[in-house]
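For reference, the structure discussed in these notes is given below.
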Amino acid sequence: MFGKILIANRGEIAVRIIRACKEMGIETVSVFSEADKDALHVHMADESYCIGPAPVSESYLNMTSILTTAVETGAEAIHPGYGLLSENAKFAELCKACNIAFIGPEPEILRKMGDKDQARRTMKEAGIPVIAGSDAFDDAQEALEKAKEIGFPLLIKARSGGGGRGIRLVKSEDSFIDQFCTASSESLTAFGDGALYLEKYIYPARHVEVQILADKRGNTIALGERECSVQRKNQKLIEESPSPALTPENRISLWDTAVAAAKAVNYENAGTVEFLLDRDGNFYFMEMNTRLQVEHPVTEMVTGIDLVQWQIRIAAGMPLPFTQADINPKGHAIECRINAEDPYNNYRPSCGTISLLHVPGGPGVRFDSAIYQGYFIPPYYDSMIGKLIVYANTRSEAIRKMIAALSELVAEGIEHNGQLQLDILDDKRFKSGDYDTSFMAEFGR
Ligand code: ADP
Ligand code: ADP
Ligand code: MG
């Protein structure tokens with residue numbers, strides 16, 4: 001096992017990883033930007049080093065600074081968390097060159113799945129159902145010909161997109177060329193790649209994803225699914241497991257398909273296969289996230305398996321001691337993302353000092369965050385400041401528990417979306433479990 005791990009991330013996920021290391025008796029090195037010198041991950045790690053100024057391009061994405069710190073501190077592995085460098089094949093390669101284990105898949109897999117258009121092709125060849133669509137285009141006119149074949153409405157998607165960005169709905173042929181050109185230049189600015197591909201717009205649809213763990217010996221296991229259809233601008237707000245949309249037969253078939261998808265690329269470590277489920281129960285591969293997911297705690301709650309600890313063990317060469325037959329998720333878990341923003345004021349991001357903080361507790365209540373009373377939320381990073389997760393025997397009990405926990409949460413001095421989350425949980429349609437990705441728009445938010 002590794003003796004020391006560097007965590008190349010910030011916020012709640014850096015804290016989550018440090019906690020896993022502590023439980024495993026592994027020393028931790030944290031890195032931080034000048035804006036994060038008072039951040040929780042800096043205080044919690046055994047050693048902490050400043051790696052640059054506030055902008056992520058000069059700190060958390062600064063590969064040279066991070067790798068130099070790892071080498072100088074004698075870290076044997078780097079955990080990249082999610083976002084930032086977690087899906088960066090070049091970074092994974094550089095780790096290898098420095099003889100440091102990258103806690104995640106091989107660079108080749110990151111490259112293959114990070115290109116969403118290539119991932120589609122790979123899955124199609126492996127016999128996994130994909131959404132009707134196209135390969136990537138640079139040219140709008142060529143794309144239009146293909147668009148007419150697919151039919152409208154359709155989505156234009158950035159080949160290198162992520163985090164819900166780089167997706168555009170085109171309702172008719174007339175606006176296609178304009179939208180394609182705008183999307184392409186936006187994508188070039190955001191992701192350094194202007195190539196776009198097309199997908200038929202599935203409506204109504206639910207986002208259901210499957211958590212995978214795969215060791216270096218090819219043992220590939222599905223740890224259940226997560227329902228993530230409560231989204232705003234293609235960004236998840238609430239996630240739950242199990243999905244209320246699946247029949248027992250559908251569920252088995254979905255897990256099997258996800259395992260086949262992972263096996264098709266010799267996947268290793270933790271990963272998530274995202275699917276869209278249509279009204280008739282058909283599901284289609286959307287993308288694979290080759291990293292730990294924000295919403296991984298809901299899977300941990302229903303399976304009792306610590307995903308971060310297993311990521312570390314797999315990277316260290318340990319085989320999985322359980323098989324698919326051992327995976328029998330129990331109960332129901334829900335996660336609400338707590339964002340520092342004002343949903344009732346056009347989602348304006350909020351930063352500032354948390355003057356008063358009370359975190360809910362009690363049986364089956366978990367709060368993953370990096371905030372504390374007196375903490376100043378810097379304006380440079382993601383607005384997600386915490387995740388409230390609850391676990392209960394049934395879905396309705398979990399909803400009641402989440403309402404109780406959210407009502408208890410106090411974070412003064414900043415705006416956050418706790419009230420919006422309460423309003424969603426109280427919604428009839430959400431309560432029924434019969435909702436899809438249009439939920440937030442129909443909810444008026
Ligand atoms: P999850 O699917 O795990 O919920 P999200 O899509 O919410 O993940 O993304 C997790 C984090 O990573 C967010 O902070 C998001 O902004 C960021 N992120 C995801 N993909 C990219 C990308 N391709 N480029 C930059 N940031 C990304
Ligand atoms: P990202 O890499 O940004 O996470 P995804 O390809 O996973 O992008 O799509 C993000 C979200 O956009 C999905 O969760 C879903 O709500 C919506 N979406 C993506 N593709 C389609 C589609 N073909 N039809 C309908 N909705 C889609
Ligand atoms: Mg996605």
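Start at 1 and go down the list; that is how both ligands and their atoms are numbered. Values below: all heavy atoms of this structure, side chains included; hydrogens, waters and symmetry mates excluded.
- Closest approach of S59 to S33, counting heavy atoms only: OG-CB, 3.5 Å.
- Applying the 4.0 Å criterion to heavy atoms of K116 picks out, from ligand 2, the atoms 1 (P), 2 (O), 5 (P), 6 (O), 8 (O).
- Note on ligand 2: A205 sits outside its first shell, no heavy atom being nearer than 4.0 Å.
- The side-chain heavy atoms of V308 and H296, taken from C-beta on, include a pair separated by under 4.5 Å.
- Residue contacts with ligand 2: Y201 is placed with no nitrogen or oxygen under 3.5 Å of a nitrogen or oxygen of the ligand (distance criterion only).
- Using the six-membered ring where Trp is involved, F283 and F275 have ring planes that are perpendicular, over 60° apart on the 30 and 60° scheme.
- Proximity to Q231 (heavy-atom distance under 4.0 Å) selects the following atoms of ligand 2: 11 (C), 13 (C), 14 (O), 15 (C), 16 (O).
- Counting just the N/O/S atoms of E287, the one with the shortest distance to the Mg ion (ligand 3) is named OE2.
- If you look at E274 and ask which of its N, O or S atoms sits nearest the Mg ion (ligand 3), the answer is OE1.
- Heavy-atom proximity to T437, at under 4.0 Å, picks out these atoms of ligand 2: 16 (O).
- When each of H207, R279, R429, R206 is paired with D436, the side chain to side chain donor-acceptor pair (under 3.5 Å) condition holds for R429 and for no other.
- Looking at heavy atoms from C-beta onward, K157 lies in side-chain contact with M286 at the 4.5 angstrom threshold.
- Of all atoms in ligand 2, numbered sequentially from 1 with element shown, those under 4.0 Å from a heavy atom of K157 are 6 (O), 19 (C), 20 (N).
- Not counting sequence neighbours, the partners of R159 by the side chain to side chain donor-acceptor pair (under 3.5 Å) test are D193.
- Atom numbering of ligand 2 starts at 1 in the shown order; those under 4.0 Å from a heavy atom of E274 are 7 (O).
- With hydrogens and angles disregarded, no donor-acceptor distance shorter than 3.5 Å links the side chain of Y203 to the backbone of T437.
- Considering backbone and side-chain N/O atoms, L155 never comes within less than 3.5 Å of an N/O atom of ligand 2.
- Heavy-atom separations between K200 and ligand 2 include at least one value shorter than 4.0 Å.
- The side-chain contact (heavy atoms from CB on, under 4.5 Å) with T299 is formed by just one residue from the set E225, E239, R226, E335; it is R226.
- At a heavy-atom cutoff of 4.0 Å, ligand 2 is contacted by the side chain of I167 but not by its backbone.
- Atoms of ligand 2 lying under 4.0 Å from at least one heavy atom of G163, given by number and element, are 3 (O).
- Checked by distance only, ligand 2 and N234 come closer than 3.5 Å through their nitrogen or oxygen atoms.
- Taking the centre and axis of the six-membered ring of Y347, the NZ or CZ atom of R232 falls inside the cone set by 45° and 6.0 Å.
- For ligand 2, the atoms closer than 4.0 angstrom to any heavy atom of H207 are 13 (C), 14 (O).
- The aromatic rings of F439 and F443 lie parallel to each other, with less than 30° between the two planes, well short of the 60° mark.
- Here I131 has side-chain heavy atoms under 4.0 Å from ligand 2, and that is the only part of it that gets that close.
- In terms of polar-atom proximity, defined here as any N/O pair under 3.5 Å, L276 makes no such contact with ligand 2.
- Not a single donor-acceptor pair under 3.5 Å links the side chain of E341 to the backbone N or O of N417.
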